[in-house]
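Got a structure for you, questions after.
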Amino acid sequence: MEEAKATERKIAPTVILAEFEDAGAALHAAEKVRDAGYSRWDTHTPFPIHGMDAAMGMKDSRLGWIVIACALTGLTGAFTMMHWMNGIDYVTVVGDKPPGAPGTIPSMVPIMFELTILLSAFGAVLGMFGLNQLPRHNHPVFASDRFRAASIDRYFISIEAEDPKFDVKATREFLEGIHAAHVEVVEEEVE
Amino acid sequence: MSPPTKASLRPDPNQYRITSKSTWAGKWRIAAGVGVFGLGIAAYGWKVDPTRFAFSYLFGYFVALSLALGSMFFVMVQYATKSGWSVTVRRVSELLMRPMPIFAVLAIPLVLTIHLLFPWLGAKHHEEAEAGHDTSAEHSSSDSPLAEERGYADREPAAMRDMPLASPKRMERAEEREETGIIEHKHFLLNKQFFLARLILYLVVWSWIVHRYFKWSTDQDQSGSLENTTAGQRFAPAGIILFAFTLTFFAFDWLLSLDGTWYSTIFGVYIFAQCALFQFACLILMTLALRSSGLLGKAVNVEHFHDLGKFLFGFIVFWTYIAFAQFFLTWYSNIPDEVAWYHKRWGDNGGTWQTASIALVLFNFFVPFWFLMSRNIKRRLHLLGIGAGCIVVMHVVEVYWVVMPNFGPMEPSIVDLGCLLGIFGVYMAFVLHGMEEYSLVAVGDPRLPRALEFENA
């Protein structure tokens, strides 16, 4: 019964893993993958490798733009909120400092500062999650037993099946051609 | 090819030195010339208007001292945090802090003019001297302050005491009495003997710390011994605490007490923020200049400048935070004795200081904050240099803005420039002379190879 079910499902390659034995080899291989024009691929190493960003051809993170948008929202939002609440909707004069006059802006600065920081922090954390497509429960590379060594002493390059240039045979040959110590096609059940 | 031996892994100790052919050789003479010329103008100023000279000299003195102190702080922090990345730039900071002992000699004119600087030693500044005339005449004619009848004159703020009969004359007199009361209250700290004893203490402590660190680091150039590094690391926390206390009290003594009635607990931190900011800006410019002459080889690269830029940006934010906090608390409570400090820099003194006050907000915070925010700017060295240059100029303006309004309206004079060039010139002459004597990179530091490979992730 179970066997029959398994055969009904389609098994297809999801990712190809290339394994390297040292950081330098992985770095140079990454340069070649970059030059070959792949887009849905990544490197997995036990520690950060200097120069990997450039080798992978990574552009500047867009996170800064998200954060500054959040920061400016917080800054102007805080000002508008206080100005409307204390200066227009229900005028509250504290310490002879009527809200709304330009000379009272200093009293608004702490809240403006705090909301700027708060929204920037939210923007940074949530934006990071968003750009990294997190949270996700699983990744095709986890189906490989060899991949566990990526947090110990092996360096991996993974090319995903969703990459437009992906072709099991050609990609496999390409990775073998750039001196991967071992190439593994990870296959999984797909619906 | 033979395998590399341990000795060949160590960098050549003479790799980063100013040779006699370098454009930097003998440059200290120019700085010394500028210094002597400036001090000449200053001496002329002393003869013409001793009070003006005293304030100008304090301004010039603190500009130079803040760089030496900021550099000392930076060096100690690098040891305390066991930083690897900064080994390549640390020596420049060490050379900047090295002339600390000369500030003892340079302090002599200050000590001689001390009675012209501080109101608690009887100094009458411009405005007060003018205002003091008619109040003394008023004093003898009417003498029935209400609060004295009530019997708690000493506990009531001046403004409340005279409230029923508030007249400008009465207010003025009450404020004057209040001022004397506050100054008497501070007598334990603000008396000449203790004050001068403290000055000696600060200078001894600073020179001692500087001597220790400089010796540890330069001895290591030859020996390469790890013990020097660990000794520096062990002493750093104590050194930073000593620095914090001495700088705070120096700021209270020499800058805050120029206004005898002002209180601000955060003032020491505010002055520290200036020192640190100035130091980072100068370190960036100095290292850029040395690098463009090829003296630093490949030791300092864009990654190190990026980190210094991050520090510069961070301390711009820190300075703003502290300076605003100090202003905010004073502004909000609006107590006459306290707001006087800001009034001198805004409406009083004929409003002449307003431009400088606005310039500080704009060019020590607003413009460099937005300018230096981006990673790409910090990694383009000429742009980083522009940002650092802006901070250097604004630091000079800020010290001027802290010191001079206690003297009177903003009327820049040749004496100010003379004192600034004089003291800074002499200081830089010692710095540049030191650069020719020692290696420009701490070649013996065991962490140097790591610093050379350092990269921002």
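Values reported hereafter were calculated over all heavy atoms of this structure, with side chains retained and with hydrogens, waters and symmetry mates removed.
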Does atom NE2 (A/H179) have a neighbourhood of more than 12 heavy atoms from anything else shown, all under 6.0 Å?
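Atom NE2 in A/H179 is not crowded, with 12 or fewer foreign heavy atoms closer than 6.0 Å.
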
Stepwise side-chain contact (heavy atoms from CB on, under 4.5 Å) test for A/I68 and B/W370:
CA-CA 11 Å; A/I68 199 152; B/W370 289 106; 3.4 Å; yes

Tell me whether the count of non-hydrogen atoms from other residues, nucleotides or ligands lying under 6.0 Å of CZ in A/F47 goes above 12.
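Yes.
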
Best-contacting candidate, A/S107, A/G51, A/G64, against chain B by heavy atom pairs under 4.5 angstrom
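Answer, by heavy-atom pair count under 4.5 Å with chain B: A/S107.
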
Side-chain heavy atoms of B/F324 within contact of A/F113, under 4.5 Å
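Counting from C-beta outward, B/F324 and A/F113 never come under 4.5 Å.
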
B/F366 atom CZ: more than 12 heavy-atom contacts under 6.0 Å
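Counting other residues, nucleotides and ligands, CZ of B/F366 stays at 12 neighbours or fewer.
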
Between A/P106 and B/Y332, is any pair of side-chain heavy atoms under 4.5 Å apart?
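They are not in side-chain contact.
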
Answer yes or no: are there more than 12 heavy-atom neighbours, outside A/R148 itself, under 6.0 Å from its atom CZ?
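No, not enclosed.
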
